[in-house]
Amino acid sequence: MKVIEKIREAAKEDRVIFSFEYFPPKTQDGVDNLFDRMERMVAHNPSFCDITWGAGGSTADLTLDISNRMQNVICVETMMHLTCTNMPVDKIDHALDTIKSNGIQNVLALRGDPPHGQDKFVQVEGGFACALDLVRHIRAKYGDYFGITVAGYPEAHPDMITSDGGVSEEGYQSDLAYLKRKVDAGGDLIITQLFYDTDIFLKFVNDCRQIGITCPIVPGIMPINNYKGFLRMTGFCKTKIPDEIKAALEPIKDNEEAVKAYGIHLGTEMCRKILAHGIKTLHLYTLNMEKSALAILMNLGLIDETKVQRSLPWRRPTNAFRAKENVRPIFWANRPKSYISRTVGWDQYPHGRWGDSRNPSYGALSDYQFMRRRSCDKKIQEEWGVPLKCIEDVHERFVNCCLGKIRSNPWSELDGLQPETMMINKELENVNSKGFLTINSQPAVNGEKSDSPSVGWGGPGGYVYQKAYLEFFCSPDKLNALVEKCKELPSLTYMAVNKDGDSISNVESNDVNAVTWGVFPAKEIIQPTVVDPVSFMVWKDEAFDIWTKGWACLFQEGDASRQILDEVRKSYFLVSLVDNDYVNGNIYAAFKDILMI
Ligand code: FAD
């Protein structure tokens, strides 16, 4: 969706919205950490996030890759910056074609700074001279597909600012007139350069309105995080620093914590004043840091750490081509990245349904499905790379996992347990300690408020429901006992399959079972999660492969631990069990006698 549409929607409801800006880190570890941070920050529902284009195009491939992952894996509406520096038109088009094919609809069109070591911007052969040319090109070649943002400078562009820090009225007006041309050529909104004098920003907005610029003007707020960085940045951008800010910083400049706290206070006060003037969108330059930006939003009452809301049980996609996706099989609940990558080629979403999984094929399993972030790799190695002597050691690892004693899990991309798992972890401990090794579960829910912190989704005002679900590996003996038990308990439905595809179940091959649904004011019933036999058969290959590619691979070739895990993989069944009685059922009572074996 275009950012301008989000801003218009929010304006209609008189809602304040905010966004975060990030830059591409220099190392792979930095990139991993940035995505961890983004996950946490995006849980607070920013309307969009930006990723910058490295000076002189230095990070082109990385920026393209990060924007793709932001839009499609983090699932946040993404705006990619794009500059003209060192970019002939074919490279510009390559970047735009790439993000278009990845379902990204937002670009911040910039001229860029001169290449390293040069004072003046030089138009590259076959490239553009200024942002205006780029805006015109994007509109001419891509029509209305992209939402285009342009940069605005409340204190005028640094090129217009003289060495004494001043700018002539003529220079300021010519900058404004040029900004209007960028907007008239197709810019939908303006994001401003950082500033610390709020009056200058408010005057700039007023001056823009005077010359007929009517689009939203979004203030770029950069919290002060450390004194030296602040001086460097304001020096580079020739930003005015009001005397009271200089005076406040001088006595605390060597105390990093005090500078940070002041930065949060100042950022909060600046935003308060801006909001009081009726500007309802805030853009935070995070510098890839989390605390100050979130603290400012918390001070403003725009976010609440204790009430992170989910719009669905899984994060809703922002990709323009799958925005209407509304149903997913439960099997990938803890592996959303794998699910997204395996369904990336689906063309069913425009119909608004996940629908029939036999029709569009799931992507083949690739090494991507087993790739982990390095930070996560370390944790897995520590927690799961401990040698195993017998099958009970395997059981113990699963017990510790469902009790939250270890945070990583080869079958999960998430950090730790879902909040709802904490509601049933004693029952899970019991089941796992007897060799039913759970990899996915949910408690039964019968009409909880939709803003419940543990099981809620979809925002306030509705009620949510779910059937108890358990998915686990177990030995053939235990499976046989469970199958017998299910004959006495008609509310239980199950499907079981081993690595080779031998299967047993008490459901029809076409049965699709809704296991999560919600009832909301003035809406049809929403049922975002299902259990279905076809997807289960696709999922089982991934689930069994994880024994080898997610766990056994942590041990040396020939290690006894590997043999134990290989034995489990070859002989155990994967079982999906639903208790359809979400009112009075008790899926764990059904295990009671079986545990005696
Ligand atoms: P332009 O809009 O082309 O303007 C540059 C200057 O030239 C202005 O003073 C303008 O008035 C003048 N000018 C240009 N053409 C004309 C004309 N025909 N007639 C009259 N005057 C003209 N840099 C990066 O490298 N990567 C980023 O990701 C990045 N993100 C940014 C995000 C924001 C919100 C901002 C404010 C800046 C960002 N920058 C980034 C910095 C930016 O690239 C530089 O400030 C650059 O020097 C100018 O880019 P621009 O798009 O504003 O240029």
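Whatever order the structure lists ligands and atoms in, that order sets their numbers, starting from 1.
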Chemist: Could you list all the ring-ring contact (aromatic ring centres under 6.0 Å, His included) pairs where at least one residue sits in residues 177-226, not counting sequence neighbours?
Modeler: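 Qualifying pairs: Phe195-Phe201, Tyr196-Phe230.
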Chemist: Measuring from atom CD of Glu256 to atom CG of Asn226, what distance do you get when rounded to the nearest 0.5 angstrom?
Modeler: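 Reported to 0.5 Å precision, the distance equals 5.0 Å.
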Chemist: Looking at Ala151, which atoms of ligand 1 are within less than 4.0 Å of one of its heavy atoms?
Modeler: 35 (C), 36 (C), 52 (O)
Chemist: Inspect the contact between Arg335 and Glu542 and indicate whether a charged nitrogen and a carboxylate oxygen are less than 4.0 angstrom apart.
Modeler: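 Yes, this pair counts.
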Chemist: Should you measure from each heavy atom of Cys130, which atoms of ligand 1 turn up under 4.0 Å away?
Modeler: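 Those qualifying, in numeric order: 3 (O), 14 (C), 15 (N).
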Chemist: Which residue and non-hydrogen atom of the protein lie closest to atom 34 (C) of ligand 1, and at what distance in Å?
Modeler: Tyr285 OH, 3.3 Å
Chemist: How close does the nearest protein non-hydrogen atom get to atom 2 (O) of ligand 1, and which residue and atom is it?
Modeler: Lys182 NZ, 2.7 Å
Chemist: Take every heavy atom of Phe121, measure it against each atom of ligand 1, and state whether any distance is under 4.0 Å.
Modeler: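 Checking ligand 1 against Phe121, which is what was asked, there is no heavy-atom contact under 4.0 Å.
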Chemist: Return the minimal non-hydrogen interatomic distance between Gln105 and Ala320, and the atom names on each side.
Modeler: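 Gln105 and Ala320 have their closest heavy atoms at OE1-CB, 3.8 Å.
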Chemist: Which protein non-hydrogen atom lies closest to atom 30 (N) of ligand 1, naming both residue and atom, and how far is it?
Modeler: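 The answer is His81 ND1, 3.0 Å.
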Chemist: Just go through Trp53, Tyr153, Phe128, Phe23 and tell me whose heavy atom is the nearest to atom 42 (C) of ligand 1.
Modeler: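 Among Trp53, Tyr153, Phe128, Phe23, the closest heavy atom to atom 42 (C) of ligand 1 comes from Tyr153.
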Chemist: Could you check whether any heavy atom of Phe236 sits closer than 4.0 Å to an atom of ligand 1, since that is the contact criterion I want to use?
Modeler: no
Chemist: Would you check whether Gly220 reaches within less than 4.0 Å of ligand 1, judged by its heavy atoms?
Modeler: no
Chemist: What I want to check is whether the side chains of Thr318 and Gln71 have a donor and an acceptor closer together than 3.5 Å.
Modeler: yes
Chemist: Do any nitrogen or oxygen atoms of Ala131 lie less than 3.5 angstrom from nitrogen or oxygen atoms of ligand 1?
Modeler: yes
Chemist: May I ask whether Gly112 has any heavy atom positioned less than 4.0 angstrom from an atom of ligand 1?
Modeler: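 Flag set, Gly112 near ligand 1.
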Chemist: Tell me whether Lys100 forms a cation-pi arrangement with Tyr145, defined as NZ or CZ under 6.0 Å from the six-membered ring centre and within 45 degrees of its axis.
Modeler: yes
Chemist: Below 4.0 angstrom from a heavy atom of Thr52, which ligand 1 atoms are there? Numbered from 1 as shown, please.
Modeler: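 Answer for ligand 1: 28 (O).
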Chemist: Assess Arg328 against Tyr339: is NZ or CZ under 6.0 Å from the centre of the six-membered ring, and within 45 degrees of the ring's axis?
Modeler: no
Chemist: Considering only non-hydrogen protein atoms, determine which one is nearest to atom 44 (C) of ligand 1 and report residue, atom name and distance to 0.1 Å.
Modeler: Asp113 OD1, 3.2 Å
Chemist: Partners of His157 by side-chain hydrogen bond (donor to acceptor under 3.5 Å, both in side chains), sequence neighbours excluded?
Modeler: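 In terms of side-chain hydrogen bond (donor to acceptor under 3.5 Å, both in side chains), with neighbours along the sequence ignored, His157 is linked to no residue.
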Chemist: Taking all atoms of both residues into account, what is the closest heavy-atom pair of Phe23 and Ile51, and its distance?
Modeler: C-CD1, 3.7 Å
Chemist: Return the residue, atom name and 0.1 Å-rounded distance of the protein heavy atom closest to atom 40 (C) of ligand 1.
Modeler: Leu110 CD1, 3.9 Å
Chemist: For the pair Arg139 and Asp188, find out whether any cationic side-chain nitrogen is under 4.0 Å from an anionic carboxylate oxygen.
Modeler: yes
Chemist: Of the protein's non-hydrogen atoms, which lies at the shortest distance from atom 14 (C) of ligand 1, and what is that distance?
Modeler: Tyr178 CZ, 3.5 Å
Chemist: For Ala55, counting its heavy atoms only, list the atoms of ligand 1 lying under 4.0 Å from any of them.
Modeler: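 In order of number, 25 (O).
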Chemist: Rounded to the nearest 0.5 Å, what's the gap from OG1 on Thr149 to CE on Met80? Could you check?
Modeler: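 Thr149 OG1 to Met80 CE: 12.0 Å, rounded to 0.5 Å.
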Chemist: Checking a contact table here: which protein heavy atom is nearest atom 6 (C) of ligand 1, and how many Å away?
Modeler: His157 CG, 3.8 Å
Chemist: Under 4.0 Å, heavy-atom basis, I'd like to know which part of Arg111 is in contact with ligand 1: side chain, backbone, both or neither.
Modeler: both
Chemist: Enumerate the atoms of ligand 1 whose separation from the nearest heavy atom of Thr83 is less than 4.0 angstrom.
Modeler: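 Selected atoms, number and element: 24 (C), 25 (O), 26 (N).
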Chemist: Numbering the atoms of ligand 1 from 1, which are under 4.0 Å from a heavy atom of Asp175?
Modeler: 8 (C), 9 (O), 10 (C), 11 (O)
Chemist: For the ring pair His137 and Phe128, is the centre-to-centre distance below 6.0 Å?
Modeler: yes
Chemist: Report the relative orientation of the aromatic rings in Tyr262 and His265; use parallel for angles under 30°, tilted for 30 to 60°, perpendicular for over 60°.
Modeler: tilted
Chemist: Residue-level breakdown please: for Leu108 versus ligand 1, do any non-hydrogen atoms fall below 4.0 Å on the side chain, on the backbone, on both, or on neither?
Modeler: side chain
